Amino acid sequence: MSDDGRIALSLTLNGRALDVETPACATLLDLLRDRLGLTGVKKGCDMGACGACTVLMGGRRIKSCLALAAACDGGAITTIEGIGTLDDLHPLQAAFIRHDALQCGYCTPGQILSGIALLAETPKDLAAIREGMSGNLCRCGAYPNIVAAIAEVAGL
Amino acid sequence: MSPGPVTRWEAGLKVTGQAVFAAETPAPGLLYAVLVEAPVGCGTVLAVDAAQARRTPGFADLISYPEAQGLKPSSVTALIREPTIHFAGQPVALVVAENLAAAQAAARAVRVEAEARPAIAALGQALDQAYTPATAGRNPAESRRGDAARALAEAHLVVRRRYETAVNNHHPMEPHAVVCCWEGDRVTVHTSTQAVFGARAAIAHAFGLPAEDARVVSRFLGGGFGCKGQLWWPWMMQAMLAARRTGRPVRLELTRAQLFTLAGRRSETVQELAVGLDADGRLTAIDHQVLAQTSTHGEYADTTAGVSRWLYACPNVTTRHRLVRTNEPQPIPMRAPGTAPGTFALESALDEAAAALGIDPVDLRVRNHGDHDQEAGRPWSSKRLLECYRVGAERFGWAHRPAAGAAGDGRWRLGSGMASTFYAQHLQPSRARVRLAADASLVVQCGTQDMGNGAYTALGQMAAEALGVPMSRVTVELGDTLLPQGPISAGSQVTVSISPAVAMATAELRAILAQLAVADQASPLAGQRPEDLDFADGLVRSRTGNVAEPLADLLARQAPAGLEAEGSADLPQVQTHSFMSHGAVFVEVGVDPDLGEVRVRRVCAAFAAGRIVNPLLATSQYVGGLIGGIGMALHERTVTDLASGRILGDNFADYLIPVHADMPTFDIALVHEDDTHLPGGIKGVGMLGTAGVQAAIANAIFDAVGRRVRRLPIRIEDILGHPDPRDGFETLT
Amino acid sequence: MSGPAFSYARPADVAGALAQGARPGAAFLAGGTDLIQLWKAGLAAHAELVDISRLPLAGIDLADGELAIGALARLSDVALHPRVMAEHPLIAQAIAATASGQVRNMATVGGNLLQRTRCAYFRTQGMACNKREPGSGCGAAAGETRQAALFGASAACVATHASDLAVALTALRAELTILGPDGERRIALPDLYRLPGQTPQIDTTLAPGELIAAVQVRRAAGLAARSTYLKVRDRASFEFAVVSVAAALRLEDGAVVEARLAAGGVAPLPWRLAGAEAALIGRAPDARAFAEAAGLAVEGAQPLADNGFKVELLRRAVIRALETVGATA
């Protein structure tokens with residue numbers, strides 16, 4: 001820790017090594033969204049209850065609003081910015097578009113990252129996808145189309 | 001046109017995280033704002049002591065009542081100009097600092113001295129002060145046709161019940177935010193609002209600016225559902241004051257907890273409903289009395305009893321809305337305002353009537369079909385509700401549904417229920433601009449907003465189809481007061497309201513292009529009659545002859561700088577018809593009769609709402625609306641703690657909204673409706689799904705386990721039958 | 001509104017953590033899923049967070065009939081551990097019913113057991129709450145009591161404990177290894193918790209600087225075939241229990257020889273249903289035995305204005321859980 005209470009971190013962020021300093025009290029969400037400008041990471045409730053801030057840490061999905069940035073030192077973090085681009089969409093991103101799995105779009109990055117992590121757990125049916133995605137709230141009501149998109153990529 | 005369904009225009013930006021929402025607007029030198037809340041729930045602020053706050057590191061400025069006195073008095077600025085505390089959680093100041101943590105620390109250091117007065121923390125504490133407002137929504141608060149009291153006295157069957165619905169909050173996933181920046185006396189405001197022009201007008205009025213000196217931008221809106229309007233503007237303006245005083249851009253984001261207090265709510269309702277029917281199941285009387293809450297600083301009532309005025313044919317109808325002022329947050333329209341709680345009452349009562357009379361619930365509704373608007377004495381512009389019943393019942397398998405309570409699936413007892421839904425169609429004036437570049441790409445501009453409702457796509461599609469340009473060549477620009485003025489995003493009005501403006505602009509472009517083509521000797525269309533030309537598949541072609549040329553070729557020769565046209569549509573002067581969209585919702589629930597759990601398993605709904613511009617997106621809207629209705633039926637309930645006046649459990653762990661695991665399967669039938677009286681034959685779809693489904697669920701629960709629940713949300717204890725003293729006054733004669 | 005600033009330390013080993021954690025104002029940070037929420041809600045004000053999440057206390061070992069779970073094991077790692085799933089399915093089921101996939105990837109076993117109540121009066125600033133602000137009163141007892149405890153509450157506090165895992169572990173007679181400045185001790189899981197009495201602000205029997213090192217479950221494999229975690233809730237997922245029941249039976253020759261029952265959502269701590277357990281021993285697993293046990297399970301319940309339904313709900317949930325594990329097909 002430095003004298004002003006800031007903590008030096010080394011992260012692998014979307015595949016690139018990054019050294020950054022953070023206040024001790026900052027969450028990973030604060031660091032990504034405000035300091036590093038990765039605004040695809042959304043702040044919906046800031047209390048771990050909506051899933052809009054979902055990112056992957058070492059391939060596992062977490063809620064970045066409940067993770068202290070300092071505690072993520074050395075971690076490999078993937079945000080929606082590291083998943084795919086307009087010209088090179090991840091299959092789940094493309095499926096989201098085809099299935100109209102979004103409306104306002106605010107929960108969408110978190111849904112996609114959560115879905116990618118869930119796909120790695122190979123859900124066996126639609127019920128498993130619904131249960132596995134229940135940490136990601138959507139208020140517009142895109143749920144059935146989100147599940148359809150994930151199911152398509154899962155080959156269900 | 002392109003094969004397959006037209007997908008959401010801006011979807012690529014949203015799935016890659018590139019869509020920029022208000023709080024994410026880059027602004028060098030940004031200051032962060034935090035609101036300081038009142039220490040009491042009712043009273044007067046005596047002093048805001050910022051001495052300690054000013055000493056916290058990173059502090060930049062504080063805005064409270066004295067700093068807001070320069071704003072012009074209005075209903076919007078009252079809460080930031082006048083030190084009266086109306087409700088717990090009301091902000092009394094705004095602090096800005098170099099970063100969010102510093103702003104939070106400074107806000108904690110602000111000492112607020114207030115004089116407390118006794119608060120009215122619940123509607124039930126001031127029933128003797130109930131009053132009838134001038135209006136409920138955009139309608140009169142009271143109505144009377146025929147003589148309902150007499151008809152009820154003479155009816156074969158009377159179902160007289162009390163229905164209650166809880167307070168709901170909108171909770172768009174994106175909390176309200178503003179990033180604002182002054183340059184001299186001009187201001188740019190990036191904010192989450194369903195009305196950029198409305199926000200601009202309020203800003204111009206409050207700050208005494210010419211309207212053109214304020215620019216309001218809302219390109220992407222993370223949901224709204226009615227709450228991103230004027231209740232947010234006072235706090236947005238506090239941030240603007242801070243930005244002006246500090247000379248730096250300021251960002252304010254509401255917290256999730258503040259969405260329970262500062263952004264509006266669906267009022268609770270207590271509805272006393274009596275319906276009278278004859279032996280054939282025809283309605284002879286409806287008496288519908290609604291009690292709801294409003295705040296001490298504003299007034300709003302949903303048209304909750306509108307359902308009794310409009311949905312069915314009935315000669316004798318009396319309705320009345322009354323309000324009670326409490327020291328709670330201000331209600332405003334929320335997703336299917338009025339129709340959601342109203343249909344819950346009437347459509348539940350009709351289910352009881354059907355059972356009492358031994359008539360099928362669908363048949364009972366068919367018998368009471370209203371073939372014209374009895375309240376206004378006008379014909380409907382179109383109404384295919386009967387077809388909705390037929391199609392919905394068929395696709396659901398209504399005729400073959402299991403006998404009540406008979407079916408089981410593991411621990412679940414299955415039940416089926418249905419209800420009607422409707423929403424009144426209104427129009428707004430709108431303008432739109434269409435620009436065709438020399439390469440035949442299109443730019444469509446309108447100062448409306450897309451909050452997830454598909455405005456980008458609908459607008460682009462309408463222009464693209466009119467000019468025969470593929471969607472991949474269309475750019476849509478919304479959410480900016482620099483664009484032609486568009487409608488507010490509310491009441492399912494956007495698509496129908498912008499439609500005539502787009503039609504006018506594209507018609508003008510087609511006329512110009514046709515003239516250019518027929519007069520151009522280099523065109524294969526030379527010498528054709530302009531009125532014979534058609535625009536499709538990127539071509540200008542003759543409907544009569546077999547000639548065509550690519551639009552881009554014509555433009556390159558004749559309009560290398562491109563063409564532009566603007567359309568506008570005002571409201572019709574005379575209303576000859578009543579406009580309403582309709583639907584029929586069929587639901588299958590599973591109820592665990594021992595443990596009281598209810599899960600919706602299957603929803604089949606048929607909706608008739610004019611011409612559907614985009615079936616994919618309209619279906620998404622309907623499903624989304626139905627899910628909102630499921631939340632209202634089974635989960636959502638905002639509770640005020642009577643002792644403190646504060647919202648209890650102001651977070652998503654306590655305020656439950658449906659999650660993925662709660663989802664039934666959905667089958668949505670789009671019943672086509674020709675409507676020659678509305679622009680483009682278009683009606684709104686957004687509100688329709690959120691009403692009706694609550695009653696359908698309650699009716700299905702009765703079908704499954706024989707328990708009538710007349711209070712929303714329906715929870716475990718309601719199924720287990722924990723006695724409710726308020727059930728006492730029921731009568732079924 | 002977040003709480004006051006804190007400093008952050010990540011000691012390299014257990015000894016260092018114990019030393020730093022014993023300092024005044026220090027708190028241990030593991031998964032953070034509850035502590036960070038508490039801090040953001042202004043309910044936790046620590047001068048220093050001591051990050052123990054990387055200490056080597058995350059192993060999951062099965063040897064000699066004992067399951068030992070490091071307190072820093074993530075919930076998802078425990079629930080998806082093949083041998084936990086096979087030999088201790090009650091634990092896997094309870095975790096699967098907990099929170100969300102994201103939270104299970106972050107939250108640790110020890111942190112889950114130590115999570116503070118979800119009572120909305122505790123979690124919402126401005127409410128009367130003796131647990132948050134001793135002497136301010138219990139807003140819940142006088143207000144909305146739907147969540148409130150049926151057992152073990154006091155006039156000062158009616159809050160319930162929200163952990164699913166703790167209910168399962170209580171049924172399985174789990175023990176905890178506690179490390180502290182004064183060495184190691186081992187306690188039965190329920191002894192971790194205190195009843196509120198007049199001091200509801202103190203949740204546990206841990207001394208300052210102590211931390212949970214491991215959870216041990218002994219000789220429970222015989223119950224694996226007949227165990228279930230039943231969680232009753234309004235929403236199908238991602239919600240705390242209204243009532244939950246962990247149940248496990250071992251049958252021999254058509255009679256119950258071992259019975260384990262505990263309930264959640266009904267008391268300030270995971271609530272062992274010892275009377276109901278005893279009543280089942282030696283009985284055939286039939287409806288009468290289950291009904292009698294369930295009747296004993298709710299004996300002594302003290303409902304308040306809004307939670308009376310939970311008495312009947314608990315009774316029925318015990319029967320349902322017993323039917324599930326007692327089926328003799």
Side-chain angles (χ1 to χ4, degrees), chain A residues 23 25-26 30 33-34 37-50 52 79-81 83-86 89-90 92-94 96-110 112 126-127 129-147, chain B residues 4-5 7-8 10-21 23-24 26 32 99-101 170-175 220-225 253 255-257 450-454 616-617 619-621 623-628 631 651-653 657-666 689:
Chain A
C25 301
D30 298 334
R33 182 170 163 84
D34 280 346
L38 294 172
T39 55
V41 190
K42 303 301 184 191
K43 185 194 273 190
C45 74
D46 210 24
M47 291 290 269
C50 80
T79 70
I80 193 69
E81 287 87 352
I83 293 297
T85 62
L86 274 175
L89 292 172
H90 183 282
L92 189 58
Q93 290 173 315
F96 262 57
I97 296 175
R98 274 196 306 282
H99 288 274
D100 200 37
L102 62 139
Q103 293 183 34
C104 83
Y106 198 77
C107 74
T108 308
I112 290 173
L126 294 182
I129 296 176
R130 290 190 191 111
E131 173 58 34
M133 290 298 292
S134 285
N136 290 81
L137 303 187
C138 166
R139 191 57 161 162
C140 298
Y143 290 135
N145 293 351
I146 292 169
V147 170
Chain B
T7 55
R8 200 169 289 267
E10 77 286 10
L13 294 174
K14 288 178 174 174
V15 300
T16 54
Q18 301 305 306
V20 175
F21 294 81
E24 300 155 3
Y32 294 75
N99 56 62
L100 187 57
H170 305 68
H171 285 306
M173 294 312 298
E174 177 213 24
F220 293 101
L221 195 53
F225 316 115
E253 262 183 300
T255 64
R256 182 54 57 184
D450 192 319
M451 56 178 180
N453 49 335
L616 178 70
L617 269 62
T619 301
S620 295
Q621 286 275 97
V623 168
L626 288 161
I627 293 169
N651 58 72
F652 275 143
I657 68 170
V659 298
H660 277 284
D662 292 298
M663 288 302 101
T665 58
F666 290 94

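Quick note on labels: first sequence line is chain A, next is B, and so on, each numbered from 1. From a predicted model like this one, the values you see are computed outputs, not experimental measurements.
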Who among B:Glu10, B:Glu253, B:Met663, B:Gln18 has the most heavy-atom pairs with chain A under 4.5 Å?
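If we count pairs closer than 4.5 Å to chain A, B:Met663 comes out on top.
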Only pairs of heavy atoms separated by less than 4.5 Å count here; which of B:Asp450, B:Ile627, B:Val623, B:Leu100 has the most with chain A?
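Counting heavy-atom pairs under 4.5 Å, the top option is B:Ile627.
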Within the 4.5 Å heavy-atom criterion, are [X] and [Y] side-chain neighbours or not?
X	Y	answer
A:Gln103	B:Met451	no
B:Glu24	A:Lys42	yes
B:Val659	A:Leu137	yes
A:Lys43	B:Pro175	no
B:Leu13	A:Leu86	yes

Contact leader toward chain B among [options], where contacts are heavy-atom pairs under 4.5 Å:
options	value
A:Cys104, A:Gly40, A:Ala101	A:Cys104
A:Leu126, A:Asp34, A:Val147, A:Leu38	A:Asp34
A:Arg33, A:Met47, A:Arg98, A:His90	A:Arg33

Could you pull out the closest heavy-atom pair between [X] and [Y], with the gap in Å?
X	Y	value
A:Arg139	B:Ile657	NH1-CG2, 3.4 Å
B:Lys14	A:Gly105	CD-CA, 3.6 Å
B:Thr665	A:Arg130	CG2-NH2, 4.3 Å

Is [X] close to chain B through its backbone or its side chain, or both, or neither, when contacts mean heavy atoms under 4.5 Å?
X	answer
A:Leu92	neither
A:Ile97	both
A:Asp100	both
A:Cys25	neither

Does [Y] offer a backbone N or O that forms a donor-acceptor pair with the side chain of [X] under 3.5 Å?
X	Y	result
A:Ser134	B:Ala661	yes
A:Tyr106	B:Phe21	no
B:Arg256	A:Asp46	no
B:Arg8	A:Leu102	yes

Quick one: SG on A:Cys140 to CG on B:Asn453, what's the gap to the nearest 0.5 Å?
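Here the rounded value is 9.0 Å.
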Against chain A, label [X] side chain, backbone, both or neither, depending on which of its atoms sit under 4.5 Å from a heavy atom there.
X	result
B:Gln621	both
B:Leu616	both
B:Ala101	neither
B:Phe666	side chain

Let me know which of A:Thr108, A:Ile80, A:Leu89 forms a side-chain contact (heavy atoms from CB on, under 4.5 Å) with B:Thr16.
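Testing each of A:Thr108, A:Ile80, A:Leu89 against B:Thr16, the sole residue satisfying side-chain contact (heavy atoms from CB on, under 4.5 Å) is A:Leu89.
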